[in-house]
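If you're wondering where the values come from, they're calculated on a predicted model, not measured in any experiment. For the single chain, residues carry numbers from 1 onward in sequence order.
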Amino acid sequence: MSDDLSGVWDGTYIQPGTGMVTFTATLVEAGGALAGSVTEPCSNPRCPVRTHIASISGHRAGSVVSFVKRYEPPGYGFDIVHYDGIMNGEATEIDGRWRLPGTSGSFLMIRSGKRAQARVTDDKARQPIR
């Protein structure tokens with residue numbers, strides 16, 4: 001598994017009481033260390049900002065991915081969220097769980113852009129013609 005996680009990722013997470021929330025993450029991986037940023041819409045109707053910005057720091061060991069998302073600025077019911085997931089063999093998806101004290105939910109991140117599309121196209125090209 002030589003692919004690293006650097007790139008843009010489209011994601012969703014399920015939040016109890018709110019439902020599905022979409023986000024975009026930009027990740028940079030160097031030697032297994034992860035850094036990056038996330039943007040997502042505010043799902044709280046009383047939130048004074050329309051879009052949340054958060055930083056990411058964490059690591060990857062093989063297919064196991066762990067990171068912490070820190071909202072900037074903290075507040076509005078948002079602060080630090082822990083994520084643990086598993087990357088698929090093609091390095092195009094990360095599936096896992098997020099957690100806060102007293103609550104948790106699932107998340108899915110899919111690599112955005114040409115890199116993921118190129119892999120799908122390559123896989124289709126290898127399929128026999130019927």
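Residues meeting the salt bridge (Lys or Arg N to Asp or Glu O under 4.0 Å) test with Asp84, sequence neighbours left out: Arg99. For Glu93, there are no salt bridge (Lys or Arg N to Asp or Glu O under 4.0 Å) partners at least two apart in sequence or on another chain. Residues satisfying the side chain to side chain donor-acceptor pair (under 3.5 Å) test with Thr22, not counting sequence neighbours, are none. A search for side chain to side chain donor-acceptor pair (under 3.5 Å) contacts involving Ser104 returns Arg97, not counting sequence neighbours. Applying the side chain to side chain donor-acceptor pair (under 3.5 Å) criterion to Ser57, with sequence neighbours excluded, gives Arg70. For Pro16, the side chain to side chain contact (heavy atoms under 4.5 Å, CB included) partners two or more places apart in sequence, or in a different chain, are Trp98, Thr103.
Atom CG of Leu5 and atom OG1 of Thr26 lie 13.0 Å apart (nearest 0.5 Å). To the nearest 0.5 angstrom, His52 atom NE2 is 9.0 Å from Lys69 atom NZ. To the nearest 0.5 Å, atom CD1 of residue Ile110 and atom OG1 of residue Thr12 are 7.0 Å apart. Taking CG from Asp95 and CG from Leu108, the interatomic distance works out to 5.5 Å, rounded to the nearest 0.5 Å.
In the hydrophobic clustering, where aliphatic and aromatic side chains (Ile, Leu, Val, Met, Phe, Trp, Tyr) are joined below 4.5 Å either directly or transitively, Val8 stands alone. Residue Met20 shares its hydrophobic cluster (ILVMFWY side chains chained together at separations under 4.5 Å) with Ile14.
Below 30°, between 30° and 60°, or above 60°: for Phe107 and Tyr83 the angle between ring planes is above 60°, a perpendicular geometry.
When all heavy atoms of Met109 and Ala25 are compared, the pair lying nearest together is CE-CB, 3.9 Å. Of all non-hydrogen atoms in Ala91 and Trp9, the two that sit nearest each other are O-CH2, 3.6 Å.
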Requested in this report: Output, in order, the C-alpha distance, side-chain angles, deciding distance and verdict of side chain to side chain contact (heavy atoms under 4.5 Å, CB included) for Val68 and Ile56.
Outcome: CA-CA 6 Å; Val68 174; Ile56 288 178; over 6 Å; no

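In this structure, Arg111 contributes its side chain and Ser6 its backbone to a donor-acceptor pair below 3.5 Å.
Pairs of residues two or more places apart, or lying in two chains, never qualify as salt bridge (Lys or Arg N to Asp or Glu O under 4.0 Å) while including a residue from residues 9-20. Applying the salt bridge (Lys or Arg N to Asp or Glu O under 4.0 Å) test to pairs two or more places apart or on separate chains, those with a residue in residues 21-30 are Glu29-Arg60.
By the criterion of side-chain heavy atoms lying less than 4.5 angstrom apart, applied directly or through intervening Ile, Leu, Val, Met, Phe, Trp or Tyr residues, Leu100 is grouped together with Val38 in one hydrophobic cluster.
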